[in-house]
Amino acid sequence: MNTYRTHYCSDLSIQNLDQDVVLSGWIDTMRDHGNLLFIDLRDNYGITQCVVDSSNPNFEQINALNHETVIKITGKVLKRSSDTINTSLKTGEIEIVIKAFEILSKSDILPLPVNSDIEYGEEVRLKYRYLDLRRNKLHKNILLRNKVISSIRTKMLKRGFIEFQTPILTSTSPEGARDYLVPSRIHQGKFYALPQAPQQFKQLVMIAGFDKYFQIAPCFRDEDSRSDRSPGEFYQLDFEMSFVTQEDVFEAIEPVLFEIFDENKSFSRDKSAQVGKYPFPKIPYHESLEKYGTDKPDLRNPLLIKNCTEVFVDSNFKIFANKVKKGSVVKGIQITNTEDKPRSFFDKLNDWAKEEGEAGLGYITYQQGEYKGPIAKHLSKDKLETLKLNEGDSIFFVCNSIKEAQLFSGKVRDKLCMELNLLDKNSFQFCWIVDFPMYEIDEKTNKIQFSHNPFSMPQGEMESLKKMDPLEVKAYQYDIVCNGVELSSGAIRNHKPEIMYKSFEIAGYNKETVEKKFSGMLNALKFGAPPHGGSAPGIDRMVMLLADEPNIREVIAFPMNQQAMDLMMNAPSEIEKDRLEELGLKLIDKD
RNA sequence: GCGGGAGUAGUUCAGCUGGUUAGAACGCCGCCCUGUCACGGCGGAGGUCGCGGGUUCGAAUCCCGUCUCUCGCGCCA
């Protein structure tokens, strides 16, 4: 028998009446009635009420214990009287009468209460993360994370994927985010980099003939944090497949994602969420920008953006007409049932647009057969009719250069959805964004650069690279988006060296540079590489969506703060001079 | 690097346009209470109002600087 316990704190029920049991756990709450004391004992699994009265010789000692002290109790399982049953507790029909107890570990006065779900400041929570992790919400989130990861592993293995570990100390990559660097002791002046993703390794695994690869992969990027981006490290379900087209990759991962979300759709929810079925909708990149104003659309938002440029061409609404003449476009976002919206509804939106740095937000409403609003009087009836408004509809307009108009109309779409409460929060809606452009213009330098992964295969391969305007070339590059959150990026890779040289040449890398930077990869492609591709959904973000948490740190056991510091472990920290010397490093005094 | 918000008891917060003793709740300490489950009741301790400077007869409150946390922008192939 285990020294510390015969049961977990969630186990006991009326099935165990009159049994002598041993439980160990933390003192969650104590209710002191003078000569009678209740202790809620908590472990990973649940809570059991223990009771002791002054007839017990240890009564005074037990009474003096602190919250979160770890104790072992020995006692008997008793049925609670019908009026004292606690239905909100799994063990609520019984209680343990304490016969003996032992203190396993005392607790000081807590900097952070464990037995409450009240919000506390992050600084304290991060410094005492182990206490925060004891608390109900975070504890449950981490258990959810475990469930998601173990389920992913089972599903991938079942589908014939092989799990790998790839190096953590590797080389720096020229494209992409800032790397975390690790100085080399043996090669002073040289540095390892932590991988931003195991991108090249997983391709090399394909070239090595393993056919299907996956890894719950740590990725390291030295970028500033956001609420959905933890600084330092994050985890991806990284996978790659040989002899596949884009469609094969979609078919392989869609069921995995669907099932993960479907299995956990009831987590922390009153009602099970609805999970969008596969095949997931596929939206070309340009269409996504046109219709949703973003490359990560939230499909729960029913509003669509339409092109209204024609309505304003040569119209009397000179502000728009003149801008259109100079190449601007007009986007419209139409909403329904606005008959009873007061004037202030529109004014507030106009004020919001100004706060966003826009000139304003013009609109037209259609009520009782009449077009109203500040713009309507400048447009002819014919033009107005082409808007095809129904009774009670309103439409908001954004006029700017294509890129700016797309971006802001996307914001208007979000804002209107929020104001009108149109979002079905209890639903997960996936989509693929496909046909990303291979290249884009760097607005600062006016040079052509890769818009995504430089190892992606251009659609049309060598022929497109040679004959087309680089900015028109699309890549076999795709993202998967859920509820407006980018879960992953993926691609069919470029497995032909000559196309690699050409695609890098267009982005301004000559043959020598490519050979120097990617020699391992390039050489590998010269000895027979299978066509291959994959993707890498972010695990933290998946768990975040399932747990319905607005902040990614709520699903990471030991996250760093926004300044990329670990307040509990005091990382990063200064190091001694002789260790710097050993590495051949000298610190620069910034003052 | 830039912009918004915040920093008051161990913790979460209140504290108006400056006014003399800076409050509440939870926690902590003491006393009372044998059926609670966020138990209850009575009493108590606990504060350099982030830090530095300024204005003023008087600053938690107003001004300037600075530090910290957080949200966003930049950044994130």
Side-chain angles (χ1 to χ4, degrees), chain A residues 28-42 47-56 59 63-64 66-68 78 80-89 91-92 95 97 107-128 131-132 136 172-179 196-197 199-200 219-232 234 355-357 436-440 442-444 449-456 475 477 479 486 489-491 503-504 507 509 517-518 536 538 550-551 553 561-563 565 567:
Chain A
D28 193 74
T29 46
M30 290 203 282
R31 292 176 292 280
D32 178 3
H33 290 246
N35 291 311
L36 180 74
L37 173 68
F38 296 98
I39 291 179
D40 285 345
L41 195 69
R42 185 194 73 242
I47 281 179
T48 301
Q49 174 167 286
C50 306
V51 62
V52 62
D53 68 21
S54 50
S55 64
N56 187 308
F59 183 74
N63 218 339
N66 271 348
H67 280 136
E68 295 305 309
L78 284 196
R80 297 202 201 179
S81 66
S82 60
D83 57 326
T84 59
I85 287 173
N86 184 349
T87 50
S88 60
L89 219 55
T91 57
E95 64 190 1
V97 177
S107 171
D108 282 346
I109 293 168
L110 300 167
L112 173 78
V114 170
N115 62 9
S116 115
D117 274 333
I118 301 170
E119 299 276 341
Y120 286 88
E122 276 217 281
E123 213 170 340
V124 182
R125 291 180 57 203
L126 291 174
K127 184 165 179 194
Y128 302 97
L131 293 180
D132 199 18
N136 186 42
T172 179
S173 57
E175 293 280 330
R178 216 175 285 117
D179 291 314
Q196 295 185 26
Q199 178 64 36
Q200 292 190 61
C219 304
F220 304 90
R221 295 179 193 176
D222 185 3
E223 292 300 329
D224 288 337
S225 77
R226 292 289 183 274
S227 59
D228 64 351
R229 209 166 73 198
S230 188
F234 61 96
E355 280 167 27
E356 293 286 320
F436 275 84
M438 185 82 190
Y439 301 101
E440 65 188 13
D442 182 332
E443 288 184 357
K444 284 176 220 148
Q449 60 181 19
F450 289 109
S451 70
H452 272 71
N453 189 322
F455 301 115
S456 299
Q477 168 85 43
D479 280 0
E486 182 190 318
S489 231
S503 75
F504 271 89
Y509 297 84
K517 298 278 186 194
F518 305 106
N551 191 309
R553 293 187 293 273
N561 71 1
Q562 196 184 36
Q563 312 305 318
M565 293 187 294
L567 299 177

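FYI, side chains are in, hydrogens and waters are out, and symmetry mates aren't considered; it's all heavy atoms of this structure. Order of the sequence lines sets the chain letters (A, B, ...), proteins ahead of strands, with each chain counted from 1. Computed from a predicted structure; not experimentally measured.
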Base, sugar-phosphate, or nothing: which does [X] touch, judged by heavy atoms less than 4.0 Å apart?
X	result
Glu123(A)	sugar-phosphate
Pro111(A)	sugar-phosphate
Asp179(A)	nothing
Ser451(A)	sugar-phosphate
Met438(A)	nothing
Arg125(A)	nothing
Gln196(A)	nothing

Nearest-neighbour nucleotide for the Glu122(A) side chain, rU70(B), rU34(B), rC76(B) considered: rU70(B)

Can you tell which of rC71(B), rC75(B), rC28(B) lies closest to the side chain of His67(A)? rC28(B)

What I want to check is whether the side chains of Glu123(A) and Asn561(A) have a donor and an acceptor closer together than 3.5 Å. no

Thr29(A) and Asn115(A): side-chain donor and acceptor closer than 3.5 Å? no

Separation of [X] atom [atom1] from [N] atom [atom2], in whole Å?
X	N	atom1	atom2	result
Leu37(A)	rU34(B)	CG	P	12 Å
Lys127(A)	rG10(B)	NZ	C1'	12 Å
Asn561(A)	rC69(B)	CG	P	5 Å
Ile109(A)	rC29(B)	CD1	P	6 Å
Leu112(A)	rU11(B)	CG	P	10 Å
Asn63(A)	rC33(B)	CG	P	12 Å
Leu110(A)	rU11(B)	CG	C1'	10 Å
Asp117(A)	rU12(B)	CG	P	16 Å

Counting Watson-Crick and G-U wobble pairs only, both distances under 3.5 Å, name the nucleotide matched with [N], or none.
N	answer
rG3(B)	rC71(B)
rC28(B)	rG44(B)
rC39(B)	none
rU66(B)	rG50(B)
rU21(B)	none

Upstream residue (5' side of RNA chain B) when Arg226(A) and Phe450(A) are each assigned their closest nucleotide: Arg226(A)

Please determine which of Gln562(A), Lys127(A), Arg553(A) meets the side chain to side chain donor-acceptor pair (under 3.5 Å) test together with Glu122(A). Arg553(A)

When the [atom1] atoms of [M] and [N] are compared, how many Å lie between them, rounded to an integer?
N	M	atom1	result
rG47(B)	rU8(B)	P	15 Å
rA59(B)	rC16(B)	P	16 Å
rG1(B)	rA38(B)	P	48 Å
rG53(B)	rU61(B)	P	14 Å
rU34(B)	rA22(B)	C1'	41 Å
rU20(B)	rU11(B)	P	26 Å
rG23(B)	rA60(B)	C1'	12 Å
rG19(B)	rG27(B)	P	32 Å

Considering just the side-chain nitrogens and oxygens of [X], establish if one lies under 4.0 Å of OP1 or OP2 belonging to [N].
X	N	answer
Asn551(A)	rC71(B)	yes
Gln562(A)	rC71(B)	yes
Ser116(A)	rC26(B)	no

Do [X] and [Y] touch side chain to side chain, with heavy atoms closer than 4.5 Å?
X	Y	answer
Asp53(A)	Asn35(A)	no
Gln49(A)	Arg31(A)	yes
Leu36(A)	Val51(A)	yes
Ser489(A)	Gln477(A)	yes

According to the interplanar angle, ranging from 0 to 90°, do the rings of Phe504(A) and Phe518(A) count as parallel (below 30°), tilted (30 to 60°) or perpendicular (above 60°)? tilted

Look up atom OH in Tyr439(A) and atom OG in Ser503(A), then write down how far apart they are to the nearest 0.5 Å. 4.5 Å

Readout for nucleotides 35-49 of chain B: B = base within 4.0 Å of protein heavy atom, S = sugar-phosphate only, - = neither; 5' to 3' it is BBB-B----------

Candidate pair Arg229(A) and Glu223(A), rule salt bridge (charged side-chain N to carboxylate O under 4.0 Å, His left out), full reasoning: CA-CA 9 Å; Arg229(A) 209 166 73 198; Glu223(A) 292 300 329; 5.2 Å; no

Does the base of rC75(B) carry an N or O that pairs as donor and acceptor with the side chain of Arg229(A) under 3.5 Å? yes

